[in-house]
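Below, chain A is the first sequence line, B the second, and so on; all start at residue 1.
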There are 2 protein chains.
Amino acid sequence: MPYDPSAFPPFAVTVDLVVLTVRRQALCALVVRRGEPPHRGRWALPGGFVREREDLAAAAARELGEETGLRSREPGTEQPGVHLEQLATYGEPDRDPRMRVVSVAHLVLAPDLPAPVAGGDAGSARWAPVADLLPTGPPPGPDASEGAGRPGAVGDPGVPRGPLAFDHDRILADGVERARSKLEYSSLATAFCPPEFTVGELRRVYEVVWGVALDPRNFHRKVTGTPGFLVPSGGTTTRQGGRPAQLFRAGGATLLNPPMLRPEA
Amino acid sequence: MPYDPSAFPPFAVTVDLVVLTVRRQALCALVVRRGEPPHRGRWALPGGFVREREDLAAAAARELGEETGLRSREPGTEQPGVHLEQLATYGEPDRDPRMRVVSVAHLVLAPDLPAPVAGGDAGSARWAPVADLLPTGPPPGPDASEGAGRPGAVGDPGVPRGPLAFDHDRILADGVERARSKLEYSSLATAFCPPEFTVGELRRVYEVVWGVALDPRNFHRKVTGTPGFLVPSGGTTTRQGGRPAQLFRAGGATLLNPPMLRPEA
DNA sequence: TGAATAGTGTCTTTGAGACATTATAAG
DNA sequence: CTTATAATGTCTCAAAGACACTATTCA
């Protein structure tokens, strides 16, 4: 009997956020420290209840603003900024031991922020390398030498480590995989970059997110040859050392054709 | 304040199904006729409430069985059959005028069924060409000559036409687009085929779903050359007329590498 | 016989990958 | 000077697209 409004089981609906950025040559996710049981002391993805008359995407954008001060770019608007999209929904009956909670996870891609976590009512929000949070994180980059495993979780409030609370390990893994595959066939890598960036900085985004090394020359030829991907902004910069690099902005294209395929293992 | 279980707005959670198949050279979706207001007399996607202690995927599989008698293939199992995956979640505050309903839509790909809609407590379930349901349906195939628009909706109980009830037009459009893009980089086209099929039948699936004509010779070379996509089953058939065609089963591969890219317009 | 579909082969073009070379900065 | 990064060019190979040709059935 579809849509009988008289008798239905009540659910709580939340949004959880997988907020990813690239900082210090590592793919990082935003996590908050839980101060209440269950999973007290564990790290978790930011999130919260959807309000009475609030759209799902609006709830995700609101939570994002509360945790980071970021304003999201709704899909459709053109100005550069933070990217927000729905990821997936998680609703196993016992994923929260207290009650039936269905969580609509969203994926956020953001550039490295000058102020890591500004304001926010969750005071303990931190950026943490995905490799430290997930048992099977991204393969370490060319010069990365990450720690071995992920021993404790509840002890040290300083360095966020997995496993995360609830089913957030799986949500984070799904978000990371979504981000990795979206770099292949969309221009979303620019969401990790500041408004103006060089080809080398864009390449480092791909290398960090995919965990591989890319040929700088082929990469340059590929991205500058894809129409609508990059627009020269006129200036140059030397902030990376070496010969001054041309600065670009994100172009209007959203889909990459042909795609940028990940090298296989 | 994330996860405060004491005060939260209550939601109803449903699953809606986009069930797609290929019949009579057209991409078709399963729709049910609404017998109750709101949208009485309009066609809608099958769906229903998630039960008290039921997983989302289990609810989708249950609804699918109730509407079609089909058993779904959970992601992970290997035997051929119906494919089911989560599509997206729709939760605008006023998408259902009666109450706050969050719907977790699922996508089902099924082979053409001998009994179009067997059993089912929704007696009015029907297959309808997607082109008749959506204002911007798939481009008509090589020899298709579909009707022009979609005039009425409530009048004729025989031929399902859009617009669908609630926001199901958008859900269906999202499901169709997901199916189209999944044919590119996965082997899911075989989910539209019977257990044994020919290369020509598989090609017709691609042509109908994408709404384009494909070169039979290049298609043959491509799919038989992709390792793990097709496994010869030994037999041949002449059910299409002409020279007998080799029969295949779906191979173990799920991801197509390199992908089968859609021809551009 | 002709019409229809299946299957193989050939040629061309496009694009990815490997790698050489030059350009321009900092120390 | 050396070193680091940027940018362009060249060669090779893999794969897609266009299309000729043969094979096998049915009417």
Side-chain angles (χ1 to χ4, degrees), chain A residues 25 141-143 183-185 193 196-208 210 212-248 255-265, chain B residues 25 141-143 183-185 193 196-208 210 212-248 255-265:
Chain A
Q25 302 278 55
D143 60 343
L183 292 207
E184 292 193 288
Y185 56 88
C193 295
E196 293 198 331
F197 53 89
T198 69
V199 173
E201 289 163 350
L202 184 66
R203 175 169 49 82
R204 252 154 252 136
V205 165
Y206 275 90
E207 291 180 329
V208 164
W210 285 349
V212 298
L214 299 175
D215 185 288
R217 300 155 294 186
N218 292 336
F219 183 87
H220 190 283
R221 167 161 51 91
K222 171 76 176 171
V223 297
T224 57
T226 300
F229 193 3
L230 300 183
V231 177
S233 73
T236 61
T237 184
T238 180
R239 58 182 169 227
Q240 304 295 336
R243 172 176 167 177
Q246 212 177 345
L247 285 170
F248 293 88
L255 257 54
L256 259 40
N257 203 317
M260 279 268 303
L261 296 177
R262 281 182 264 197
E264 316 170 43
Chain B
Q25 301 280 53
D143 60 342
L183 291 207
E184 290 193 290
Y185 57 89
C193 295
E196 293 199 332
F197 53 90
T198 69
V199 172
E201 289 163 350
L202 183 66
R203 175 169 49 82
R204 271 176 279 279
V205 165
Y206 275 89
E207 291 180 329
V208 165
W210 285 349
V212 298
L214 299 175
D215 185 286
R217 298 155 296 186
N218 292 336
F219 183 88
H220 190 284
R221 168 162 49 93
K222 172 76 177 172
V223 296
T224 56
T226 300
F229 193 5
L230 300 183
V231 177
S233 74
T236 61
T237 183
T238 180
R239 58 181 170 228
Q240 304 294 336
R243 170 176 168 178
Q246 211 177 343
L247 284 170
F248 294 87
L255 257 52
L256 260 42
N257 203 316
M260 278 268 301
L261 296 177
R262 283 182 261 197
E264 316 170 44

*Asks:* To the nearest Å, give me how far apart CG (Leu247(A)) and P (dA25(C)) are.
*Replies:* 14 Å
*Asks:* For Arg203(A), enumerate each residue passing the salt bridge (Lys or Arg N to Asp or Glu O under 4.0 Å) test, keeping only those at least two apart in sequence or located in another chain.
*Replies:* Glu207(A)
*Asks:* For nucleotides 20-27 of chain D, read 5' to 3', which letter fits each nucleotide if B means a protein heavy atom sits under 4.0 Å from the base, S means only the sugar-phosphate is that close, and - means neither?
*Replies:* B--BBB--
*Asks:* Gln240(B) CD to dG7(C) P: how many Å, rounded?
*Replies:* 11 Å
*Asks:* Quick one: ring pair (Phe, Tyr, Trp, His ring centres under 6.0 Å) partners of Tyr206(B), sequence neighbours excluded?
*Replies:*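 Listed in chain order: Trp210(B), Phe219(B).
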*Asks:* Look for any protein N or O under 3.5 Å of an N or O in nucleotides 11-16 of chain D and output each such pair with its distance, or none.
*Replies:*
from: dA16(D); atom 1: OP1; to: Lys222(B); atom 2: NZ; distance (Å): 2.3

*Asks:* How many whole angstroms separate atom CG of Leu214(A) from atom P of dA6(D)?
*Replies:* 13 Å
*Asks:* Figure out the CZ/C1' separation between Phe248(A) and dA6(D), and round it to whole Å.
*Replies:*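 Whole-Å distance recorded here is 10 Å.
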*Asks:* Please, which pairs that meet side chain to side chain donor-acceptor pair (under 3.5 Å) have at least one residue in residues 222-231 of chain A, sequence neighbours excluded?
*Replies:* none
*Asks:* Between Leu230(A) and Phe197(A), does the side chain to side chain contact (heavy atoms under 4.5 Å, CB included) criterion hold? Intermediate values first, please.
*Replies:* CA-CA 10 Å; Leu230(A) 300 183; Phe197(A) 53 89; 3.6 Å; yes
*Asks:* What integer distance in Å separates Asp215(B):CG from dT8(C):P?
*Replies:* 14 Å
*Asks:* Is a donor from one side chain sitting under 3.5 angstrom from an acceptor on the other, for Glu196(B) and Ser233(B)?
*Replies:*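 Result is yes, a qualifying pair exists.
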*Asks:* Using a cut-off of strictly less than 4.0 Å, decide whether His220(B) has a side-chain nitrogen or oxygen near OP1 or OP2 of dA6(C).
*Replies:* no
*Asks:* Taking atom P of dG17(C) as reference, at what distance in whole Å does atom CZ of Arg203(A) sit?
*Replies:*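 That distance rounds to 15 Å.
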*Asks:* How long is the gap from CD on Gln240(A) to CD on Glu201(A), to the nearest 0.5 Å?
*Replies:* 4.5 Å
*Asks:* Give one of base, sugar-phosphate or nothing for Arg239(B), where a contact means two heavy atoms less than 4.0 Å apart.
*Replies:* nothing
*Asks:* Please report the distance, rounded to the nearest Å, between CG in Asn218(B) and P in dT13(C).
*Replies:* 16 Å
*Asks:* Decide side chain to side chain contact (heavy atoms under 4.5 Å, CB included) for Leu256(B) and Phe229(B); before the verdict, give the C-alpha distance in whole Å, the side-chain angles of both, and the deciding distance to 0.1 Å.
*Replies:* CA-CA 8 Å; Leu256(B) 260 42; Phe229(B) 193 5; 4.0 Å; yes
*Asks:* Once you round to the nearest 0.5 Å, how far does CG of Leu202(B) lie from CG of Leu183(B)?
*Replies:* 9.0 Å
*Asks:* Only counting residues at least two apart or in another chain, list the ones meeting salt bridge (Lys or Arg N to Asp or Glu O under 4.0 Å) with Arg262(A).
*Replies:*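 Partners of Arg262(A) by the salt bridge (Lys or Arg N to Asp or Glu O under 4.0 Å) criterion, ordered by chain and then number, come out as Glu177(A), Glu184(A).
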*Asks:* When the distance from CD of Gln246(A) to C1' of dA23(C) is rounded to whole Å, what number comes out?
*Replies:* 14 Å
